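Just so it is clear, the structure is predicted and the values come from calculations on it, not from any experiment.
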Amino acid sequence: MNIEQVERIDEDTYRELLPMVGRLLEGMYLRWYVDFDSVDEIVLDLIEGYDEDDIKRMLREFDDVFATGLAPSNAEGLLSRLDSDAPPGRNGLDGLEWLQRIRAIVASAL
């Protein structure tokens with residue numbers, strides 16, 4: 001994957017390049033205003049039932065995105081295109097930091 005591919009990912013195309021991560025990010029939007037106390041709870045709820053291989057695949061997708069040299073502005077664009085750019089609990093993290101935070105929560109499920 002390269003940065004140009006990342007910049008083309010949106011709600012219609014994520015299934016090809018980021019099927020696991022894209023579904024996670026898109027699914028977070030629906031849960032922001034439901035009764036969850038933290039982003040950790042949202043992410044863990046979304047990946048509940050995933051087996052170890054699914055979680056490792058999702059982590060590889062995150063790592064592939066980070067390996068492109070993703071800048072905070074590119075990360076913001078990706079989050080915006082997936083309607084995941086302004087959740088409660090973001091607490092001033094830039095787009096790249098937010099993606100890294102979400103990845104860390106996913107990794108904690110292993």
Side-chain angles (χ1 to χ4, degrees):
M1 179 175 305
N2 59 47
I3 197 67
E4 290 80 22
Q5 289 172 310
V6 172
E7 290 175 344
R8 289 194 310 263
I9 296 170
D10 62 22
E11 289 177 324
D12 296 324
T13 61
Y14 76 77
R15 289 163 190 87
E16 299 167 33
L17 295 171
L18 291 176
M20 305 287 287
V21 170
R23 183 177 19 200
L24 173 70
L25 294 174
E26 188 178 47
M28 287 179 67
Y29 178 79
L30 301 172
R31 288 172 169 78
W32 288 339
Y33 303 103
V34 179
D35 191 24
F36 287 95
D37 292 328
S38 69
V39 69
D40 296 63
E41 286 184 14
I42 293 171
V43 172
L44 294 174
D45 180 68
L46 282 164
I47 64 172
E48 185 177 332
Y50 284 23
D51 64 22
E52 185 176 333
D53 289 338
D54 290 335
I55 293 171
K56 286 180 179 180
R57 179 175 170 207
M58 187 179 292
L59 294 173
R60 283 192 300 274
E61 286 182 16
F62 272 112
D63 294 342
D64 287 348
V65 169
F66 298 143
T68 66
L70 191 70
S73 61
N74 301 114
E76 287 295 341
L78 174 62
L79 290 166
S80 177
R81 291 188 302 277
L82 294 175
D83 287 330
S84 296
D85 54 331
R90 190 161 165 190
N91 299 329
L93 297 176
D94 68 37
L96 186 56
E97 293 167 331
W98 182 241
L99 287 174
Q100 291 166 337
R101 171 79 177 109
I102 295 167
R103 186 205 182 280
I105 298 167
V106 171
S108 74
L110 284 178

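- Residues Y50 and L24 form no side-chain contact, since every pair of their non-hydrogen atoms from C-beta on lies 4.5 Å or further apart.
- Considering all non-hydrogen atoms of both residues, L82 and G22 come closest at CD1-CA, 4.2 Å.
- Counting heavy atoms from C-beta outward, R101 and E97 have side chains that stay 4.5 Å or more apart.
- Between the side chain of R57 and the main chain of D53, no donor-acceptor pair closer than 3.5 Å is present.
- Counting only heavy atoms from C-beta outward, the side chains of T68 and N74 never approach each other to under 4.5 Å.
- Two residues are said to be in side-chain contact when any heavy atoms from C-beta on lie closer than 4.5 Å; L25 and L18 fail this criterion.
- Applying side-chain contact (heavy atoms from CB on, under 4.5 Å) to L78 and the options V21, I9, L96 leaves one that passes, I9.
- Q100 CD to L93 CG: the interatomic distance, rounded to the nearest 0.5 Å, is 9.5 Å.
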| request: Test E48 against D45 for side-chain contact (heavy atoms from CB on, under 4.5 Å), laying out the working first. | output: CA-CA 5 Å; E48 185 177 332; D45 180 68; 4.0 Å; yes

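- Heavy-atom contacts from other residues, nucleotides or ligands closer than 6.0 Å to CD of E52 number 12 or fewer.
- The nearest pair of heavy atoms linking I102 to F62 is CG2-CZ, 3.7 Å.
- The CZ atom of R81 sits 10.5 Å away from the CZ atom of R8 when rounded to the nearest 0.5 Å.
- At least one side-chain heavy atom of E26 sits less than 4.5 Å from a side-chain heavy atom of R15.
- Side-chain atoms of M20 and L59, non-hydrogen and from C-beta on, never get closer than 4.5 Å to each other.
- The shortest non-hydrogen separation linking M1 to L17 is CE-O, 3.6 Å.
- Using a 4.5 Å cut-off on side-chain heavy atoms (C-beta onward), S108 and L44 make contact.
- Atom CE of M58 is separated from atom CZ of R23 by 7.0 Å, given to the nearest 0.5 angstrom.
- Between M28 and V39 the shortest side-chain heavy-atom distance falls below 4.5 Å.
- The minimum heavy-atom distance linking I47 with A109 is given by the pair CD1-CB, 3.7 Å.
- The distance from the CG atom of N2 to the CG atom of L70 is 12.0 Å, given to the nearest 0.5 Å.
- Taking every heavy atom of both residues into account, G95 and A75 meet most closely at C-CB, 3.4 Å.
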